[in-house]
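Read through the structure below, which is laid out as structure tokens, and then see the notes.
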Amino acid sequence: HEDFIKLLQKNRPEYCFMQIQSPDAMDVETIKRMAKFTKIINWTGDVKNEQPWYRWLVEIGKHVHLTLFTNQTDVEILREHGCRADYLQVGFDNVWYNKRIASSNGPEIVFCANEYGNFPLSNFRVNAVLALKKEFGERFAVYGNGWDKYGIRTRPVNNVSEAQLYNNAKIGISISNLNLERYHSDRLLRIMGCGCMPLSHDYKGWHKDFEDGTDIIIANSINQLLSSCMYYLTNGDEQRQIIADNAYINAHSNHTWEVRCQQLIQLLKKYN
């Protein structure tokens, strides 16, 4: 922190972009000192829905130039506390997550996610995984940590393996841990970026970025999740491919990090 403050004091950059997501990583007094020499933009892709976390964000939010979130709910919370805040969605790595040569191996339905067990939608995610496993057997697979306690033997995957899984699969599942306005994990964009059809839970504000039946399929219950998977695996292959192609175009046209940088520039102009 001291070294960085000296750097700011020496160079006086117009802006300092930070991705700070934990009170342990940055205290309020340090932010105050940094803010004397630059305009701090603090972006977080994290969501915690915990009061201590919000209190910390508000405390540092009063001293930084702009706080950016990947959901509209947290934007409004900070604004209500007198902080300057806005929305900047997460992007995805469009080099790793792109179309590749598919192999014949691998499940047709894929869900890459860790099971933490302490979020509002944790039970929904677990029940969805168990239902998909029961209905589709080896045609479905979940990858990540924490699933062994439900009798599911699996493993976490890195970006190379995950991209290949989406290229092999017909359907990629996207279920977040929280239901906040316009919030989705970058998992959704990674699915789309590989040309796999995304099937998402019904989260608030999804219609502002996607169109159900065009570049995404939305399921508002586990039964609908199962029926959608069954339809697109058996009768809707051509329609599924159209949706997957549209999702691919949307992701690579509107949701790369390059696009997010351009959106950040517009936000800086807005709050200049």
Are [Y] and [X] linked, directly or through intermediate hydrophobic residues, by side-chain heavy-atom contacts shorter than 4.5 Å (ILVMFWY only)?
X    : Y    : result
I249 : F92  : no
I173 : M192 : no
I217 : I191 : no

ask   = When the aromatic ring centroids of H65 and F17 are compared, is their separation below 6.0 Å?
value = no
ask   = Taking the six-membered ring for Trp, are H252 and Y97 ring centroids under 6.0 Å apart?
value = no
ask   = How about K99: does its NZ atom have over 12 heavy atoms from other parts shown lying under 6.0 Å from it?
value = yes
inquiry  = As a quick check of understanding, evaluate side-chain contact (heavy atoms from CB on, under 4.5 Å) for L199 and S174, giving each step before the final call.
reply    = CA-CA 6 Å; L199 177 52; S174 176; over 6 Å; no
ask   = For N250, which of D245, T214, D215 qualifies under side chain to side chain donor-acceptor pair (under 3.5 Å)?
value = D215
task = List the steps, then state whether side-chain hydrogen bond (donor to acceptor under 3.5 Å, both in side chains) holds for D74 with Y87.
result = CA-CA 9 Å; D74 288 347; Y87 171 83; over 6 Å; no
[Y] backbone acceptor or donor facing [X] side chain under 3.5 Å:
X    : Y    : value
S200 : I218 : no
D186 : L189 : no
N167 : A163 : yes

task = Go through the structure and list residues passing side chain to side chain contact (heavy atoms under 4.5 Å, CB included) with D237, not counting sequence neighbours.
result = K170, R240
inquiry  = Go through it in stages, so that I can follow the logic: the residues are Y150 and D148, the test is side-chain hydrogen bond (donor to acceptor under 3.5 Å, both in side chains), and I'd like the CA-CA distance, side-chain angles, deciding distance and then a yes or no.
reply    = CA-CA 5 Å; Y150 301 103; D148 54 316; over 6 Å; no
